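Notes follow once the structure below has been shown.
The model shown is predicted, which means the values in this text are computed figures rather than measured ones.
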Amino acid sequence: MRTKIRELRKNRKMSQKDLGKLVGVSRQTINYIELGKSSPKITLALRIAKVFNITVEEVFELEDE
């Protein structure tokens with residue numbers, strides 16, 4: 001799964017820690033998602049999208065198989 005979280009955070013001058021606090025997870029969780037080492041549960045994906053006021057589909061994209 002590809003994600004635009006890093007790009008979205010940078011545009012808002014937001015750290016991984018800041019985003020983690022807003023969505024209720026650790027900085028490490030945000031880092032793992034950004035690196036593609038972990039995929040968020042749907043509730044977390046929704047919270048992240050809500051922070052940036054966009055849809056989940058705008059934040060996350062399935063990689064071609």
**Q.** Shortest non-hydrogen contact between E58 and T55, atoms and distance
**A.** OE1-N, 2.8 Å
**Q.** Separation between CD of E34 and CD of Q16, rounded to the nearest 0.5 Å
**A.** 4.5 Å
Q) Does the side chain of I30 come within less than 4.5 Å of K21's, by heavy atoms? A) no
Q: State plainly whether one hydrophobic cluster holds both Y32 and L46, where clusters connect Ile, Leu, Val, Met, Phe, Trp and Tyr through side-chain heavy atoms under 4.5 angstrom apart.
A: no
Q. Heavy-atom distance under 4.5 Å between the side chains of F60 and S39, does that happen here?
A. no
(Q) Could you check whether any side-chain heavy atom of F52 comes within less than 4.5 Å of a side-chain heavy atom of L22, counting everything from C-beta outward? (A) no
Q. Any link between L62 and I54 through a network of hydrophobic side chains (Ile, Leu, Val, Met, Phe, Trp, Tyr) touching at under 4.5 Å?
A. yes
Q. Given the rule that I, L, V, M, F, W and Y join up when any side-chain heavy atoms are under 4.5 Å apart, are I48 and I42 in one cluster?
A. yes
Q | Sequence neighbours excluded - side chain to side chain donor-acceptor pair (under 3.5 Å) pairs with any residue from residues 43-54 | A | none
Q: Nearest 0.5 Å please: distance from the CG atom of L8 over to the CZ atom of R6.
A: 12.0 Å
**Q.** Minimum side-chain heavy-atom gap R9-V51 below 4.5 Å
**A.** no
Q | Atom pair CD (Q28) and OG (S38), whose distance is rounded to the nearest 0.5 Å | A | 12.0 Å
Q: With rounding to the nearest 0.5 Å, note down the distance linking CZ in R27 to CG in L19.
A: 12.0 Å
Q. For T29, what residues pass the side-chain contact (heavy atoms from CB on, under 4.5 Å) criterion, not counting sequence neighbours?
A. V25, S26, I33, L44
